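Proteins get letters first, then strands, A, B, ... in listed order; numbering begins at 1 in each. Just so we're clear, the structure is a prediction, and the values are computed from it rather than from any experiment.
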Amino acid sequence: MGNEKKMVEEITGMEVDFAKWYTDVVKKAELADYSSVRGCMIIRPYGTALWENIRNDLDGRFKATGHENVMMPLFIPESLLQKEKDHVEGFAPEVAWVTHGGEEKLTERLCVRPTSETLFCDHYANIIQSYRDLPKLYNQWCSVVRWEKTTRPFLRTMEFFWQEGHTMHETAEEAMEETRRMLEVYASFCEESLAIPVVKGLKTDKEKFAGAENTYTIEALMHDGKALQSGTSHYFGDGFSRAFDIQFTGRDNTLQYPYQTSWGLSSRIIGAIIMTHGDDNGLVLPPAVAPVQVVIVPIAPHKEGVMEKAAALQERLRAFCRVKLDATDNSAGWKFAEHEMKGVPLRLEIGPKDIEKNQCVLVRRDNREKAFVNLDDLQTQIPVLLQAVHDGLYQKALQRRENMTYAATDLETLVETAQNKPGFIKAMWCGEQTCEDQLKEQAGVTSRCMPFEQETLSGTCVCCGKPATSMVVWGKAY
RNA sequence: CGGGGUGUGGCGAAGUUUGGUAUCGCGCUUGGUUCGGGACCAAGAGGCCUCGGGUUCGAAUCCCGACACUCCGACCA
């Protein structure tokens, strides 16, 4: 109990080399593996199961807010991509092009979707005629491709998995509400299901999505003090509607352009889970999405009755949690380390001595606390402990973020903080991009967002000293 | 895309400076003893030394090129 010895020698210490620690965890926990396609990864069964749980949870939240799933094509004709100017400028440098079908050269190139705004708009133009057709609340689960220069498993890969919601509304107000609503869905998902605290806010013009009027974001702080944008929600106004000629007849019998939103959350969130909760023994998974919530490790399984008892427990536990029985012939110690590496929230040990006393040992992954629990109480105790792990993870992450959040009211302090103290820096800003550029130049930080929860640290911009318009959270980002 | 680093059985490395036919640990297979924090003994299997050229009697080793991974920047979910 409370043994601080590092038991998994294969994983590089977090303090030693954070980047290496990260990839070690990805590989040793069997989440993903490299493929022979540059910049693309193979998401292994364990990683896929994790993504499926994330997906099912989020999908339920989308359905509950009235959204429907659709499936759009993988390809976008060049002409379609070209329709919205800012959008194409933003994405053109990183799209993959299909130029041939078999041996034949195509008359028009097709791009592999980097995002699907254009496809949705093209379709919406055909199916929206009247205000009665609105709102359209569509979502799709798919993968997209962006020709990235440098890649890292989950955090940045050339192909990644995500969901993209695309909605059309009768009024700007309605669309703006939708944008905010979906950001809240992401934020609650992160906090309730992933135990990741997030800062909700608005992106500056410099950081917003190509073609959007407003981009909202949730920003999480990783173990190493770098920020990870964990979900975004965009308000498009009627920009795309005009570019794609999407019009409907309004209640007053005039032709109008609908207002649009889009929002996305990607498999990158798995990187956030790793870097928020993980430790030197490997992955630590939030119970709500863990593929295995409880792993049963039989002790001395060759002894009479142990395996039978363990198997019977597995059957019982199936009714209320995701449970796995480790029946391999590895030693008990091996199994402990193995499942810790894979982040299983609870371990259940059952051996001859326990069976005699009708009990078992439950060990939490987050703090290694052990508890002897009567076998008759498992149905109530396991959910309690899973919840305790969740709360423990959330509190620890929140505490760390607070400890790593600083404030600066003058440039010198900001630069000094950025250079010496990894984390978020709160500072006032005048709203000018030149100041953003200068902070990037001098302190190496970018604006993560203008949080909804504003504070007044001072009256003037941290950079230029002119009157400030808002408080911005700055940081180094993934 | 700029600057560094790396590439040797499944994994981690030694060997490269000084060219001579590949070594170690872990894992894997089989048998046996073990099992409450990565057990032990014995016997085995497994290598186009990232790829392509070149130099040489001979290349993991020297030269040229490509690719991949990785770190630091710039760019992006």
Side-chain angles (χ1 to χ4, degrees), chain A residues 1-12 17-20 22-24 27-28 33-41 90-95 114-115 143-164 186 203 206-210 215 217-220 227-234 262-272 281-282 297-303 306-307 326 328-341 347-355 359-361 363 368 370 372 440-441 444 446 476-478:
Chain A
M1 203 182 300
N3 188 346
E4 294 303 318
K5 183 169 166 277
K6 188 166 149 283
M7 295 181 180
V8 183
E9 302 302 334
E10 291 92 337
I11 296 179
T12 306
D17 184 342
F18 191 80
K20 189 156 196 308
Y22 176 82
T23 42
D24 279 353
K27 282 193 284 189
K28 304 292 178 187
D33 202 355
Y34 293 101
S35 71
S36 23
V37 188
R38 183 185 86 81
C40 296
M41 63 178 167
F91 282 101
E94 53 180 16
V95 296
T115 178
S143 72
V144 291
V145 168
R146 299 180 190 178
W147 215 258
E148 297 291 346
K149 287 159 186 168
T150 53
T151 59
R152 297 185 66 189
F154 293 112
L155 295 175
R156 168 152 293 107
T157 46
M158 297 219 306
E159 179 186 18
F160 60 91
F161 295 81
W162 75 347
Q163 59 65 219
E164 44 179 330
Y186 288 151
K203 284 285 188 191
K206 179 179 158 73
E207 298 285 330
K208 75 185 186 187
F209 180 82
T215 290
T217 177
I218 49 173
E219 298 283 329
L228 190 78
Q229 179 176 309
S230 303
T232 47
S233 185
H234 315 289
S262 89
W263 25 277
L265 183 144
S266 77
S267 42
R268 172 181 235 203
I269 201 75
I270 292 175
N281 293 316
V297 178
I299 306 296
H302 61 289
K303 297 244 170 84
V306 173
M307 276 314 283
D326 189 340
T328 64
D329 55 6
N330 291 317
S331 70
W334 178 280
K335 291 177 186 178
F336 295 168
E338 173 79 7
H339 296 109
E340 269 171 23
M341 200 147 64
R347 176 173 82 234
L348 188 158
E349 301 172 24
I350 179 112
K353 287 180 234 166
D354 300 311
I355 294 172
Q359 67 173 25
C360 66
V361 183
V363 187
R368 283 226 182 88
K370 283 190 183 182
F372 292 88
K440 172 75 186 169
E441 178 90 9
T446 53
K476 294 174 183 168
Y478 273 100

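A salt bridge does not link A:R347 to A:E338: none of the charged nitrogens lies less than 4.0 Å from a carboxylate oxygen.
Looking only at distances, no side-chain donor or acceptor of A:T328 sits under 3.5 Å from a matching main-chain atom of A:D326. Here the side chain of A:R268 pairs a donor or acceptor atom with the backbone of A:L155 at under 3.5 angstrom. Looking only at distances, a side-chain donor or acceptor of A:T215 sits under 3.5 Å from a matching main-chain atom of A:F209. Between the A:Y186 side chain and the A:G264 main chain, a donor and an acceptor come within less than 3.5 Å of each other. Looking only at distances, no side-chain donor or acceptor of A:T217 sits under 3.5 Å from a matching main-chain atom of A:K203.
A:T157 comes within 4.0 angstrom of a base, heavy atoms only. Here A:K476 lies out of heavy-atom contact (under 4.0 Å) with every strand. When heavy atoms are screened at a 4.0 angstrom cut-off, A:L155 is found touching base atoms of the nucleic acid. Within 4.0 Å of A:G264, counting heavy atoms only, lies no atom of the nucleic acid at all. Within 4.0 Å of A:E148, counting heavy atoms only, lies at least one base atom of the nucleic acid. Residue-level contact check: A:D17 touches neither bases nor backbone, having no heavy atom under 4.0 Å from any strand. Heavy atoms of A:Q229 sit under 4.0 angstrom from primed sugar atoms or phosphate atoms, though from no base atom. A:K353 comes within contact range of at least one nucleobase, with a heavy-atom separation under 4.0 Å. Among the atoms of the strands shown, base atoms are found under 4.0 Å from some heavy atom of A:T150. Using a 4.0 Å heavy-atom cutoff across all strands shown, A:F91 reaches no nucleic acid atom at all.
Contact between the side-chain N/O atoms of A:K28 and the OP1/OP2 oxygens of B:C11 is not found at any separation under 4.0 Å. The phosphate of B:C75 (OP1 or OP2) has no side-chain N or O of A:R146 nearer than 4.0 angstrom.
In this structure, CH2 of A:W263 is placed 18 Å from P of B:A77, rounded to the nearest angstrom. Separating the CH2 atom of A:W334 from the C1' atom of B:C28 is a distance of 11 Å, rounded to the nearest angstrom.
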Give each protein N/O atom lying under 3.5 Å from an N/O atom of nucleotides 66-68 of chain B, with the pair distance.
none

Please tabulate the protein-to-nucleotide N/O contacts below 3.5 Å involving nucleotides 31-35 of chain B, giving atom names and distances.
{"unit_1": "B:C35", "atom_1": "O2'", "unit_2": "A:A300", "atom_2": "N", "d": "3.2"}
{"unit_1": "B:C35", "atom_1": "N4", "unit_2": "A:H302", "atom_2": "ND1", "d": "2.9"}

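For A:R347 and B:G36, a side-chain-to-base donor-acceptor distance below 3.5 Å is absent, hydrogens and geometry of angles not being considered.
Distance from the side chain of A:E340 is smallest to B:G37 among B:U70, B:C75, B:G37. When the nucleotides B:G36, B:A77, B:C71 are ranked by their closest atom to the side chain of A:V361, B:G36 comes out on top.
The two residues A:M307 and A:P301 make their nearest non-hydrogen contact at CG-O, 3.5 Å.
With respect to A:S266, the side-chain contact (heavy atoms from CB on, under 4.5 Å) criterion is satisfied by exactly one of A:F161, A:F154, A:F160: A:F160.
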